[in-house]
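One structure is given below, encoded as structure tokens.
The chains referred to below are lettered A, B, ... by the order of the sequence lines, with proteins before strands, and numbering in each begins at 1.
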Amino acid sequence: MCGRYRLTTKGKNLEQLFDAEFDDQPARLEGRELSVKPRFNVAPTDVMPVVRIQEDGRHHISGLRWGLVPFWSKDLSGGARMINARAETVFEKAAFKDSLRRRRCLVLADGFYEWKTLPSTTQKPKKQPVLFAFDDDRPFAMAGLWARWKGPPGLVESFTILTTGANELVGPVHDRMPLILDAADRAAWLDPDNEDVDLQRLAEPRPIAGFTLRLVSSKVGNVKNDDESVLVPDAPDEKS
DNA sequence: CCAGACGTTGTT
DNA sequence: GTCTGG
DNA sequence: CCAGACGTTGTT
DNA sequence: GTCTGG
């Protein structure tokens, strides 16, 4: 699955690479705002950049809250629960139906984390966090859905990340991974008038050229640790 | 028909 | 164990 | 996803 | 809004 990711690429580069412009007025949702700093540990409920087609027909990058809050939600409390949607079944789910039809988006990232559960003789199983990213750390687009919810306390736009079966690289660590879209598939995914999105094809697990795996620090488990130190792997023989 | 939920993951 | 918050 | 809390009453 | 369960 994808419950934590990284976005350290500068805004200007994102605009260039995804042919989209940031909104003039950054969103402020629930007291949080779109951060301009490099993010090494993005967590659910964070406000992050997402590419959408806006009313003017152009691609825009806006700050949305991670964790889908459908427009019919009574409050924001469920907002941290719908952080992912399974590509295989998203068509069948009432909670996603509306967003899937006309509100698809791209979630920008330059890495995602997965935790490998290691066998343990003692009590709790150990978790080894792993970063998956391109070897040159260039950003990529994950398939997402978004929704608009009206408060009180105000307007909240939010998103969820589609997941699919792990490919050959991710499989040994975890059985799920985010659905990453090739550049060639992005425009069709974003187009709300495109009613022929072949999700089955897009979700087919396949290798991604240049993608690699790196062991990282267990510090990444705590959302408070949001700096480059989370990339430093734990010492090999640390206590047992 | 109405009422009530609407999600994913992992672990046992 | 299970729910909430980030 | 992981980490951290998980409760009520009354008093300051 | 839309689906499921009763």
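- The side chain of A:Thr89 places an N or O atom within less than 4.0 Å of a non-bridging phosphate oxygen (OP1 or OP2) of B:dT8.
- Residue A:Arg81 is classed as a base contact, given a heavy-atom separation below 4.0 Å to a base.
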Polar pairs (N or O, both sides) under 3.5 Å between protein and nucleotides 3-7 of chain D?
{"unit_1": "D:dA3", "atom_1": "O3'", "unit_2": "A:Asn222", "atom_2": "ND2", "d": "3.4"}

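- Across all strands, A:Thr160 comes closer than 4.0 Å to no nucleic acid atom at all (heavy-atom distances).
- The side-chain contact (heavy atoms from CB on, under 4.5 Å) test applied to A:Thr212 returns A:Asp135, A:Arg214, not counting sequence neighbours.
- Scored by the salt bridge (Lys or Arg N to Asp or Glu O under 4.0 Å) test, A:Asp198 finds no partners at all (sequence neighbours excluded).
- The salt bridge (Lys or Arg N to Asp or Glu O under 4.0 Å) analysis of residues 163-176 of chain A, with sequence neighbours excluded, yields the pairs A:Glu88-A:Arg176.
- For the pair A:Phe132 CZ and D:dC1 P, the computed distance is 14 Å after rounding to whole Å.
- At the heavy-atom level, A:Tyr113 lies nowhere under 4.0 Å from the strands shown.
- Checked against salt bridge (Lys or Arg N to Asp or Glu O under 4.0 Å), A:Arg103 has the following partners two or more places apart in sequence or in another chain: A:Asp98.
- At a threshold of 4.0 Å, the pair A:Lys37-A:Asp226 does not count as salt-bridged, since none of the basic side-chain nitrogens sits closer than that to a carboxylate oxygen.
- Between D:dT9 and B:dC1, the two C1' atoms lie 46 Å apart (nearest whole Å).
- For B:dT9, one of the phosphate oxygens OP1 or OP2 lies less than 4.0 angstrom from a side-chain nitrogen or oxygen of A:Arg176.
- Residue pairs meeting the ring pair (Phe, Tyr, Trp, His ring centres under 6.0 Å) criterion with at least one partner in residues 74-112 of chain A, sequence neighbours excluded, are A:Phe112-A:Phe132.
- Among the protein residues, A:Ile83 comes within range of the nucleic acid bases, having at least one heavy atom under 4.0 Å from a base atom.
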Walk me through it: do A:Glu157 and A:Arg52 pass the test side chain to side chain contact (heavy atoms under 4.5 Å, CB included)? CA-CA 12 Å; A:Glu157 292 185 319; A:Arg52 300 182 291 184; 3.1 Å; yes

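- Partners of A:Asp227 under the side chain to side chain donor-acceptor pair (under 3.5 Å) rule, at least two apart in sequence or in another chain, are A:Ser229.
- Screening residues 183-221 of chain A for ring pair (Phe, Tyr, Trp, His ring centres under 6.0 Å), with sequence neighbours left out, gives A:Phe134-A:Phe211, A:Phe140-A:Phe211.
- What separates CE of A:Met177 from P of D:dC1 is a distance of 15 Å, to the nearest Å.
- By the 4.5 Å side-chain criterion applied to Ile, Leu, Val, Met, Phe, Trp and Tyr, A:Phe71 is assigned to a cluster that also includes A:Trp72.
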Mark up nucleotides 1-6 of chain E, 5' to 3', with B wherever a protein heavy atom is under 4.0 angstrom from a base atom, S wherever such an atom reaches only the sugar-phosphate, and - elsewhere. BBS---

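- The closest side-chain donor-acceptor pair between A:Thr163 and A:Asn84, if any, does not fall under 3.5 angstrom.
- The gap from the P atom of B:dT11 to that of E:dG1 amounts to 39 Å, rounded to the nearest Å.
- If you measure from atom CD1 of A:Ile161 to atom P of B:dT9, you get 12 Å, rounded to the nearest angstrom.
- Counting non-hydrogen atoms under 4.0 angstrom, A:Ser73 reaches nothing in the nucleic acid.
- Between the C1' atoms of C:dG6 and B:dG4, the separation comes to 29 Å (whole Å).
- Contacts of A:Asp46 with the nucleic acid, taken as non-hydrogen atoms under 4.0 Å apart, are absent.
- With a 3.5 Å limit on both pairing distances and Watson-Crick or G-U wobble geometry required, the stems of 3 or more pairs in DNA chain D span C:1-6 with D:1-6.
- The side chain to side chain donor-acceptor pair (under 3.5 Å) check on A:Asn225 picks up nothing, with sequence neighbours excluded.
- As judged by a 4.0 angstrom heavy-atom cut-off over every strand, A:Ser99 is placed among residues making no nucleic acid contact.
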